Peer 1: 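Next up is a structure, given as structure tokens.
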Amino acid sequence: MGTLTGKTALVTGASAGIGRAIALALAQEGADVAINYLTYPESAEQLAKEVRALGRRALLFCVDVADQQAVEAMVAQAVRDLGRLDILVANAAHSDEALFVEADMAAFRRTIDVTMWGTFYNLRAAAHQMIRQGSGGNLIVISSIHAVQAFPTSMAYNMAKAAVDQMARTAALELVRYGIRVNIVYPGWTDTPGERKYFSEDVLRRAGAALPLGRLARAEEIARAVLFLVDPASEYITGSTLSVDGGTQLPYWSKRGTGEL
């Protein structure tokens with residue numbers, strides 16, 4: 001019996017990378033899982049097979065989280081098929097990199113629509129359902145150190161993640177009276193298929209070696225942070241941010257006092 005036996009979860013952006021690892025980890029702990037995706041359809045199908053092989057139920061939803069009506073319909077269908085909703089992991093995001101003075105505005109808005117509004121639509125729909133159920137629940141937002149550190153060529157993503165953090169903290173305050181906990185996870189630079197959109201294997205290898213712990217994060221390590229937060233034993237944690245970043249937020253560019261400078 002896993003710690004989440006009898007629970008149901010919805011994970012957005014779950015067909016690859018961090019979202020996929022989270023969905024599988026939740027199933028391994030006993031949860032039935034609704035899998036949202038928009039890209040990597042073959043990987044989503046394979047994930048559903050792996051979840052079912054664990055004896056858990058799996059639903060697939062090819063839904064653009066930037067579409068509010070589609071998100072609300074997805075949550076309603078997941079509840080009809082699985083019976084309830086106990087856990088939401090808002091992981092789906094989008095980013096197009098460019099200097100803001102040169103950015104294509106359609107791409108800029110798409111980043112905001114998916115990363116900020118998509119998170120809001122899912123939090124709102126899931127919270128409505130959890131309030132109706134009257135038995136609490138867990139909302140997890142996968143944010144980013146982009147929320148607190150300004151990275152060049154990523155203004156839209158930086159903006160969206162900063163907004164998502166305040167969104168989650170506000171939701172934590174407003175939902176605490178319903179027993180619904182809201183927490184944030186900051187993944188570090190993680191080895192996922194999405195990173196290959198911008199970087200070669202050699203660049204990723206060298207960049208990982210330069211980080212404080214000497215490598216990129218593995219998606220499974222981010223998933224373990226989510227499992228910790230949704231575990232019933234963590235019931236006193238809400239409005240918190242858990243960083244799983246290998247020390248990336250430390251001033252590792254300055255080794256003064258370590259004997260290396």
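Because the structure is a prediction, the values reported are computed rather than measured.
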Peer 1: When you measure from the side chain of Glu72 to the backbone of Gln69, do you find a donor-acceptor pair of N or O atoms at a distance under 3.5 Å?
Peer 2: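 The answer is no, because no donor-acceptor pair under 3.5 Å joins these two groups.
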
Peer 1: Same cluster for Tyr121 and Met159 if Ile/Leu/Val/Met/Phe/Trp/Tyr side chains link at under 4.5 Å?
Peer 2: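 Yes.
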
Peer 1: Please name the pair of heavy atoms, one in Val226 and one in Val185, separated by the smallest distance, quoted to 0.1 Å.
Peer 2: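 Answer, listing the atom of Val226 first, then Val185: CG2-CG2, 4.3 Å.
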
Peer 1: Does CD in Gln149 sit with more than 12 non-hydrogen atoms of other residues, nucleotides or ligands closer than 6.0 Å?
Peer 2: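 More than 12 heavy atoms, drawn from other residues, nucleotides or ligands, come within 6.0 Å of this atom.
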
Peer 1: Quick one: do the Gln46 and Glu42 side chains pair a donor with an acceptor below 3.5 Å?
Peer 2: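 Note: Gln46 and Glu42 side chains miss the donor-acceptor criterion.
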
Peer 1: Can you run down the side-chain hydrogen bond (donor to acceptor under 3.5 Å, both in side chains) pairs that involve residues 13-31, sequence neighbours left out, and say none if there aren't any?
Peer 2: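 Output for this query lists Thr3-Glu29, Arg20-Ser43, Arg20-Glu50.
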
Peer 1: Got a second to check how far Arg109's CZ is from Asp96's CG, nearest 0.5 Å?
Peer 2: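 One gets 13.5 Å once the value is rounded to the nearest 0.5 Å.
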
Peer 1: Could you give me the CA-CA distance, side-chain angles and deciding distance for Val230 and Asn183, then say whether side-chain contact (heavy atoms from CB on, under 4.5 Å) is met?
Peer 2: CA-CA 9 Å; Val230 302; Asn183 289 292; over 6 Å; no

Peer 1: Could you walk me through whether Ile22 and Ile18 pass side-chain contact (heavy atoms from CB on, under 4.5 Å), step by step?
Peer 2: CA-CA 6 Å; Ile22 291 169; Ile18 291 172; 3.6 Å; yes

Peer 1: Work out which heavy atom in Thr12 is nearest to a heavy atom in Ala92; give both atom names and the distance.
Peer 2: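 Taking Thr12 first and Ala92 second, the nearest heavy atoms are OG1-N, 2.9 Å.
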
Peer 1: Look only at the side chain of Arg57 and the backbone of Asp81, and say whether a donor-acceptor pair between them is shorter than 3.5 Å.
Peer 2: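 Between the backbone of Asp81 and the side chain of Arg57 there is a qualifying donor-acceptor contact (under 3.5 Å).
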
Peer 1: With rounding to the nearest 0.5 Å, note down the distance linking CG in Leu229 to CG in Leu242.
Peer 2: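 Atom-to-atom, Leu229:CG and Leu242:CG are 5.5 Å apart.
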
Peer 1: Find out whether Tyr186 and Val244 are in side-chain contact, i.e. whether some heavy atom of one side chain is under 4.5 Å from a heavy atom of the other.
Peer 2: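 Not in contact.
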
Peer 1: Counting C-beta onward and ignoring hydrogens, is there a side-chain heavy-atom pair between Ile184 and Asp165 closer than 4.5 Å?
Peer 2: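 The answer is yes, as the side chains (C-beta and beyond) meet within the 4.5 Å cut-off.
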
Peer 1: Nearest 0.5 Å, please: how far is CD1 in Ile145 from OG1 in Thr241?
Peer 2: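 Interatomic distance, Thr241 OG1 to Ile145 CD1, rounded to 0.5 Å: 13.0 Å.
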
Peer 1: From Lys7 NZ over to Ser135 OG, what is the distance, rounded to the nearest 0.5 angstrom?
Peer 2: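 Between Lys7 NZ and Ser135 OG, I get 6.5 Å after rounding to 0.5 Å.
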
Peer 1: Quick one: does any side-chain atom of Lys161 pair with a main-chain N or O of Thr115 as donor and acceptor, under 3.5 Å?
Peer 2: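 No, the answer is negative, given that no donor and acceptor are paired below the 3.5 Å cut-off.
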
Peer 1: In plain terms, say whether Asp32 and Arg84 are close enough for a salt bridge, that is, a side-chain N and a carboxylate O under 4.0 Å apart.
Peer 2: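 Salt bridge absent between Asp32 and Arg84.
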
Peer 1: A side-chain contact here means heavy atoms from C-beta on lying under 4.5 Å apart; do Phe108 and Met155 qualify?
Peer 2: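 Of all side-chain heavy-atom pairs linking Met155 with Phe108, at least one is under 4.5 Å.
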
Peer 1: Nearest 0.5 Å, please: how far is OG1 in Thr8 from CD in Gln133?
Peer 2: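 If I round to the nearest 0.5 Å, the distance is 6.5 Å.
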
Peer 1: Do the side chains of Thr119 and Val65 get nearer than 4.5 Å, heavy atoms only?
Peer 2: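 They are not in contact (no side-chain heavy atoms under 4.5 Å apart), so the answer is no.
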
Peer 1: Between Phe228 and Ser234, which heavy-atom pair has the shortest distance, and what is it?
Peer 2: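 So the minimum-distance heavy-atom pair works out to O-OG, 2.5 Å.
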
Peer 1: Between the side chain of Thr111 and the main-chain N/O of Ala107, is any donor-acceptor distance below 3.5 Å?
Peer 2: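 Checking the backbone N and O of Ala107 against the side chain of Thr111, a donor-acceptor pair under 3.5 Å is found.
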
Peer 1: I need the Asn36 CG to Asn91 CG distance, nearest 0.5 Å.
Peer 2: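 The CG atom of Asn36 sits 9.5 Å away from the CG atom of Asn91.
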
Peer 1: Please check if Phe120 and Val63 belong to a single hydrophobic cluster, counting links between Ile, Leu, Val, Met, Phe, Trp and Tyr side chain heavy atoms closer than 4.5 Å.
Peer 2: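 Result: yes, single cluster for both.
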
Peer 1: Within the 4.5 Å heavy-atom criterion, are Phe151 and Asn158 side-chain neighbours or not?
Peer 2: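 Result yes, sub-4.5 Å side-chain heavy-atom pair found.
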
Peer 1: Does Asn138 reach the side chain of Val89, with side-chain heavy atoms less than 4.5 Å apart?
Peer 2: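 No. Closest side-chain heavy atoms not under 4.5 Å.
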
Peer 1: Determine, using the 4.5 Å side-chain heavy-atom cutoff (strictly less than), whether Val33 and Met74 are members of one ILVMFWY cluster.
Peer 2: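 They do not share one cluster, since no chain of ILVMFWY contacts under 4.5 Å joins Val33 to Met74.
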
Peer 1: Show your working on side-chain contact (heavy atoms from CB on, under 4.5 Å) between Leu139 and Arg181 and close with a plain yes or no.
Peer 2: CA-CA 6 Å; Leu139 304 175; Arg181 298 190 292 115; over 6 Å; no

Peer 1: What are the two closest heavy atoms between Ala14 and Leu47, and how far apart are they?
Peer 2: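 Heavy-atom minimum between the residues: O-CD2, 3.2 Å.
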
Peer 1: Over all heavy atoms of both residues, which pair between Thr238 and Val182 is shortest? Give the atoms and the distance, please.
Peer 2: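 So the minimum-distance heavy-atom pair works out to OG1-N, 3.0 Å.
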
Peer 1: Provide the closest heavy-atom pair for Met116 versus Met167 in the form atom of the first, atom of the second, distance.
Peer 2: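 Scanning both residues completely, I find the closest heavy atoms to be O-CE, 3.5 Å.
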
Peer 1: Report yes if the side chains of Arg52 and Arg56 come closer than 4.5 Å at any heavy-atom pair, otherwise no.
Peer 2: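 Not touching, per the 4.5 Å side-chain cut-off.
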
Peer 1: With a 4.5 Å cut-off on side-chain heavy atoms, are Gln249 and Val148 touching?
Peer 2: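 A side-chain contact under 4.5 Å exists here.
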
Peer 1: So if you build clusters from Ile, Leu, Val, Met, Phe, Trp, Tyr with side-chain heavy-atom gaps below 4.5 Å, do Leu4 and Leu54 land together?
Peer 2: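 Yes, one cluster joins them.
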
Peer 1: Do Ile237 and Leu123 belong together in a cluster built from hydrophobic side chains that touch within less than 4.5 Å?
Peer 2: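 Ile237 and Leu123: separate clusters.
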
Peer 1: Dump the intermediate steps for salt bridge (Lys or Arg N to Asp or Glu O under 4.0 Å) on Arg110 and Asp64, then the final yes or no.
Peer 2: CA-CA 11 Å; Arg110 177 63 178 167; Asp64 182 354; 3.0 Å; yes

